[in-house]
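Within every chain, numbering begins at 1; the chains are lettered A, B, ... in the order of the sequence lines, protein sequences first and strands thereafter.
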Amino acid sequence: MQKPELEKAYDASKVEDAIYRRWEASGFFNPDKLPGGKKKKPFTIVLPPPNATGVLHVGHATMLALEDLMIRYKRMRGFASLWIPGTDHASIATQNKVEKLIQESEKKSRHDLGRAEFLKRVETFVKGSQNTIRNQIRKMGSSIDWSREAYTLDKPRSEAVIEMFNRMYEDGLVYRGERVVNWCVRCTSTLADDEVEYKAQKAKLYFLKYGPFSVATTRPETKLGDTAVAANPSDERYKSWIGKTFELNWGEGTKPLTIRVIGDHEVDMKFGSGLIGVTPAHSAVDFRMAEKNKLPIIKVIGEDGRMLASAGKYKDMTVLEARHAFVKDLEAQGLIEKIEEIDNNLSACYRCSTAIEPLTSLQWFVDVNKKIKGRGKSLKELSLDAVKKSGVKIIPDRFEKVYYHWMENLRDWCVSRQIWFGHRIPAWHCENGHVSVARKMPTKCTAKGCASKKLRQDEDTFDTWFSSGTWTFSTLGWPKKTPDLKRFHPTDVLETGYDILFFWVARMILMTEYAMKQVPFKTVYLHGLVRDEQGRKMSKSLGNVLDPLDVIPKYGTDAVRLSLVLGTAPGADAKVWEDKIAGYRNFTNKLWNISRFVLTSVSKVSRVSKKPTAKTLSDKWILARLDSVAAQATSSIEKFDFSPAGELLRDFTWTEFADWYLEIAKIQMQDAKLKASTEKILLYALETILKLWHPYMPFVTEAIWDILSGNAKGKKFLMIEAWPKAKAVAAPKEFALLQEIIGAIRNVRSEYKVEPAKKVDATIVAGAKAKLLKENAAVIATLARIETLTILPKGEKPKDAASTMAGGVEIHLPLAGMVDMAKEKARLEKEKENLTGFVKNLEAKLSNPGYTDNAPKEVVEKTRQMLAEKKEELKKIETALG
RNA sequence: GGGCGCUUAGCUCAGUUGGUUAGAGCGACUCGUUUACACCGAGUAGGUCGUGGGUUCGAAUCCUACAGCGCCCACCA
């Protein structure tokens with residue numbers, strides 16, 4: 001065949017899109033279409049569905065790079081690799097985004113548009129987002145099965161959500177109740193406990209005259225809804241009061257309150273005055289006290305964040321307005337004793353940062369503590385068992401503890417949201433106030449003794465995590481018993497950011513254990529946050545956001561992928577910046593040029609898949625290293641150590657293969673006897689290296705593969721080639737000697753400022769190693785740029801020569817006229833000093849019985865050998881110095 | 001208030017179960033257009049491994065206390 005032509009520099013932007021199209025057209029992203037695919041063992045990953053709120057950021061790029069790496073690796077290992085794509089409707093996030101857009105462009109609120117029109121707008125927006133996301137996923141080179149794409153709000157997933165809720169309802173795990181919930185005033189919706197964020201702030205602690213007491217509070221306005229005051233039962237100051245009631249009057253325009261004094265062990269005697277004004281409607285803790293003590297509940301804050309009529313003259317004021325007005329009025333009446341500044345947490349909505357109002361509301365809850373019929377365990381217990389007993393492994397494992405802690409303290413999950421965009425709750429209210437939960441709208445009310453036909457569906461929608469919690473099995477067809485579900489569930493790996501361990505990972509485990517009686521995945525691999533070079537979070541306001549779509553055209557997808565995978569560890573935040581990507585772009589180019597050299601210098605380009613025979617020491621060395629590297633990389637990848645495996649591959653490819661073997665191959669190919677075997681080794685090594693790199697940098701490796709396999713019969717994509725199988729073997733030590741000698745000569749040349757192009761003579765006094773060195777004289781001479789290389793078993797140091805020691809042999813470079821003898825002496829003195837220290841060190845060690853008695857025999861033996869060698873070297877240097 | 005993580009060369013990070021005088025990439029410096037690659041090659045400099053104590057023949061590695069940075073959890077009204 002013709003010699004292939006390769007551009008001098010690899011230009012990723014010219015080849016990537018075409019390669020992706022060919023991959024996609026091949027159908028191999030779908031495991032069923034792989035040769036023999038139906039019989040292969042499955043390996044499944046579900047893509048954590050990106051929110052349909054817009055574009056993917058560099059965190060998503062990390063996720064895609066890691067997941068594609070695993071998927072491609074397993075595909076090459078012979079698995080039916082299935083990676084399922086999809087998007088998440090992300091109810092609150094998406095609704096907020098669209099509301100903002102409409103507000104900006106049309107100055108209209110969602111209420112101005114009405115539910116139906118608003119939802120239409122959201123759907124249009126989502127379709128656009130999904131297209132952007134699909135395009136970005138393709139750009140990253142993701143070998144994902146587009147034929148199985150899902151969306152959390154499409155029909156099959158909606159059916160799954162409805163089925164899930166109905167089953168839970170039938171099992172008595174779902175209830176509707178009035179509880180204190182986290183209420184976002186801006187979103188006008190509830191939030192789950194973990195959807196609330198806390199921000200440290202300075203707050204004023206007001207000490208109020210509170211009937212006969214003094215009560216401290218940071219939220220005076222809520223005191224208009226107090227129905228009790230709580231003291232620690234062992235607090236001597238208030239003990240006698242417990243059980244008594246008194247009248248509390250906050251002044252004109254407010255309603256007098258009847259306050260009961262209750263005892264509660266949760267009250268901290270040391271905080272404030274040791275008393276808590278109990279506001280059952282606006283504090284979860286107070287609500288529990290109210291339940292225990294059967295206290296009345298007075299709601300003073302409404303769902304719009306304004307005071308209710310129960311707040312008297314403060315009605316319709318916002319919470320903050322009411323606080324100011326109320327404090328002013330109290331001051332006027334002399335009811336404020338003092339004001340202190342304290343540190344506390346402000347709770348805020350995780351989607352819009354608005355302050356959260358705890359308030360009572362009638363909502364749907366999932367009971368996590370109730371034992372499930374026929375299972376004997378609660379959802380919480382099942383979820384704990386999944387990790388403790390059923391073998392869900394979390395990487396890094398410290399997150400297992402975090403998971404347990406969260407799950408153990410989990411409270412009932414409020415799943416209803418007052419959001420328009422999402423799955424409507426499958427519950428219907430009748431005119432008589434009954435509720436019917438069903439899979440589809442019933443013809444009449446299902447409550448006993450009621451047959452009302454006037455039904456309207458609950459206005460609320462589900463928490464977005466209630467639907468994404470079904471992701472591993474709803475994407476495979478549940479509740480239908482599909483072949484996919486049977487074959488690919490449980491999935492193998494869930495790869496996602498540690499920031500959604502609770503939101504999503506925990507919920508998936510909970511819902512899957514319930515619905516499937518299976519774990520959703522066997523391994524959870526958590527990646528960290530991507531930060532900028534200074535370790536700051538990337539954000540629009542800081543202007544430090546790195547957009548994958550900006551850097552891909554510049555450096556290529558492979559370089560971007562490498563920069564996100566190498567130098568990072570699971571669960572640890574990673575820093576990424578443009579120069580780092582540029583560095584990996586250089587490496588892609590290096591690999592390209594390595595290939596360019598191999599493919600253009602061999603006499604015939606062909607596949608060499610079987611390990612060729614080694615004819616020289618260098619051949620033996622590179623083949624042994626190749627085996628070891630393949631074996632080590634494989635075992636690292638199996639352990640999810642992607643970064644170490646990649647670094648090993650990079651060091652091997654660049655340093656050992658390119659800098660050493662390619663240079664040696666140039667020499668060997670000059671030798672007619674070695675030409676053919678060297679070429680074979682080059683092709684074999686290149687082929688193996690491309691395979692090993694493919695999961696990390698799929699584009700450049702596939703591009704080279706395409707040239708390498710030319711028009712060969714049965715040509716296949718590298719993507720579906722078999723992963724190299726190899727056992728680690730020890731590389732010949734003799735090669736290290738060559739490297740040492742060459743390095744030492746280069747070093748001396750550099751010290752004496754011998755121009756790299758200039759050839760000099762050299763004499764090596766090598767003792768027993770002379771034979772070996774003579775066999776490899778060409779390699780030494782060429783790589784060290786020696787004109788006449790003399791290798792002797794014994795000899796004297798020539799005059800006016802620079803000398804050095806390497807691997808136990810003496811090297812003399814008679815740099816006539818170039819050697820400054822004083823300088824040469826100084827250099828040797830320095831080396832002597834160095835060696836003397838080292839030898840002393842070793843001797844001290846060996847004369848210490850504590851060491852020789854306790855250390856393992858091999859270690860001691862190694863030290864002895866080292867000492868002998870170094871002593872020998874020292875002697876030679878001393879001789880040289882005269 | 002609890003818990004977790006990090007602290008190794010100017011920067012980003014490796015350092016497996018404690019065992020040569022601690023490594024890599026980038027950056028710096030010196031030299032070089034050797035026909036794969038200047039997105040390159042050869043070489044050099046640079047670290048008492050956050051601090052104090054302890055265990056050990058031996059500690060970057062194990063224990064302990066402390067400091068700095070970061071994160072998570074929690075009902076301090």
Contact class for A:Pro849 (heavy atom, under 4.0 Å): base, sugar-phosphate, or nothing?
-> nothing

Measure the distance from CG on A:Leu783 to P on B:A42 and round it to the nearest whole Å.
-> 10 Å

A:Asn854 side-chain N/O to B:G58 phosphate OP1/OP2 under 4.0 Å = no

Axial cation check for A:Trp660 ring with A:Arg746, 6.0 Å and 45° limits = yes

May I have the distance from A:Leu562 (atom CG) to B:U12 (atom C1'), rounded to whole angstrom?
-> 15 Å

Could you measure between the two P atoms, the one in B:A9 and the one in B:G1, and give it in whole Å?
-> 32 Å

Please check the phosphate of B:G41 (OP1 and OP2 only) for any side-chain N or O of A:Trp654 closer than 4.0 Å.
-> yes

Distance between the P atoms of B:U56 and B:A42, in whole angstroms?
-> 47 Å

For A:Lys666, report the nucleic acid contact type (base, sugar-phosphate, nothing); a contact means any heavy atom under 4.0 Å.
-> base

Does the ring of A:Phe597 carry A:Lys666 above it, NZ/CZ under 6.0 angstrom from centre and within 45° of its axis?
-> yes

Please give the nucleotide sitting opposite B:C6 as a Watson-Crick or G-U wobble pair, both distances under 3.5 Å, or none.
-> B:G68

For B:A74 versus B:G68, give the span between their P atoms, rounded off to a whole number of Å.
-> 26 Å

Establish, with yes or no, whether the OP1 or OP2 oxygen of B:C40 is under 4.0 angstrom from a side-chain nitrogen or oxygen of A:Asn586.
-> yes

Describe the nucleic acid contact of A:Lys270 in one word from base, sugar-phosphate, nothing, applying a heavy-atom distance below 4.0 Å.
-> nothing

Taking only the side-chain heavy atoms of A:Leu662 (C-beta and beyond), determine which of B:U20, B:A36, B:C71 contains the nearest atom.
-> B:A36

Answer yes or no: does a side-chain N or O of A:Arg411 lie under 4.0 Å from OP1 or OP2 of B:C75?
-> yes

Pick base, sugar-phosphate or nothing for A:Asn345, based on heavy-atom distances below 4.0 Å to the nucleic acid.
-> base

Contact class for A:Ala572 (heavy atom, under 4.0 Å): base, sugar-phosphate, or nothing?
-> nothing

Would a line drawn from the ring center of A:Trp406 to the ring center of A:Tyr403 be shorter than 6.0 Å?
-> no

So does A:Lys575 get a side-chain nitrogen or oxygen closer than 4.0 Å to the phosphate oxygens (OP1/OP2) of B:C13?
-> yes

Identify whether any heavy atom of A:Trp577 sits under 4.0 Å from a base atom; if not, whether one sits that close to sugar-phosphate; answer base, sugar-phosphate or nothing.
-> sugar-phosphate

With a 4.0 Å cut-off on heavy atoms, is A:Asp659 in touch with a base, just the backbone sugar-phosphate, or nothing at all?
-> sugar-phosphate

Would you indicate what A:Arg650 reaches in the nucleic acid, counting non-hydrogen atoms under 4.0 angstrom: base, sugar-phosphate, or nothing?
-> sugar-phosphate

Can you tell which of A:Lys204, A:Lys199, A:Lys202 makes a salt bridge (Lys or Arg N to Asp or Glu O under 4.0 Å) with A:Asp343?
-> A:Lys202

Of the listed nucleotides B:A14, B:G43, B:C39, the one nearest the side chain of A:Arg746 = B:G43

If you look at every strand shown and take non-hydrogen atoms under 4.0 Å, does A:Phe287 touch a base, only sugar-phosphate, or nothing?
-> nothing

Could you state the atom-to-atom distance from CZ of A:Phe597 to P of B:U34 in whole Å?
-> 15 Å

Please evaluate the base of B:C4 for a donor-acceptor partner in the side chain of A:Arg398 within a cut-off of under 3.5 Å?
-> no

For atom C1', what is the distance between B:A65 and B:A22, given to the nearest Å?
-> 26 Å

When the distance from NZ of A:Lys753 to C1' of B:U30 is rounded to whole Å, what number comes out?
-> 6 Å

Nearest-angstrom distance from the residue atom CG of A:Asn344 to P of B:C75 = 13 Å

Look at all strands and tell whether A:Ala757 reaches a base, only sugar-phosphate, or nothing, counting heavy atoms closer than 4.0 Å.
-> nothing

Within this structure, what is the NZ-to-P distance between A:Lys401 and B:C73, rounded to whole angstrom?
-> 16 Å

Could you tell me the separation between the CG atom of A:Leu526 and the C1' atom of B:C4, rounded to a whole number of Å?
-> 14 Å

Would you say the ring centroid of A:Phe503 lies under 6.0 angstrom from that of A:Tyr350?
-> yes

Out of B:U20, B:A38, B:C57, which nucleotide sits closest to the side chain of A:Tyr851?
-> B:C57

Provide the distance between the two C1' atoms, one in B:C37 and one in B:C62, to the nearest whole Å.
-> 47 Å

Kindly assign one of parallel, tilted or perpendicular to the pair A:Tyr238 and A:Phe213, based on the angle between their ring planes and the thresholds 30° and 60°.
-> perpendicular

Spacing of A:Glu408 atom CD relative to B:C73 atom P, expressed in whole Å | 16 Å

NZ or CZ of A:Lys870 within 45° of A:Phe838 ring axis and under 6.0 Å = no

What is the nucleic acid contact for A:Glu663, judged by heavy atoms within less than 4.0 Å: base, sugar-phosphate only, or nothing?
-> base

Taking the side chain of A:Ile276 as heavy atoms from C-beta outward, which of B:A77, B:C75, B:U21 is closest to it?
-> B:A77

Taking OP1 and OP2 of B:A42, is either one under 4.0 Å from a side-chain nitrogen or oxygen of A:Asn747?
-> no

N/O (side chain, A:Lys870) to phosphate O (OP1/OP2, B:U21) under 4.0 Å = no

Roughly how far apart, to the nearest Å, are B:A77 and B:C13 at atom P?
-> 37 Å

Determine, using ring centers only, whether A:Tyr584 and A:Tyr555 are less than 6.0 Å apart.
-> no

Go through B:C75, B:A77, B:C39 for me and flag the one nearest to the A:Phe271 side chain.
-> B:A77

Using a 4.0 Å heavy-atom cut-off across all strands, classify A:Leu205 as base, sugar-phosphate, or nothing.
-> nothing

Within the distance-only criterion (no hydrogens, no angle test), does the side chain of A:Asp558 pair as donor or acceptor with the backbone N or O of A:Phe699 below 3.5 angstrom?
-> yes

Same-atom distance (C1') from B:G53 to B:A14, integer angstrom | 29 Å

Pick the P atom in B:U7 and in B:G15, then give their distance to the nearest Å.
-> 10 Å

Heavy atoms under 4.0 Å, any strand shown: does A:Glu266 hit a base, just sugar-phosphate, or nothing?
-> base

side-chain N/O A:Lys590 vs B:G41 OP1/OP2, d < 4.0 Å = yes

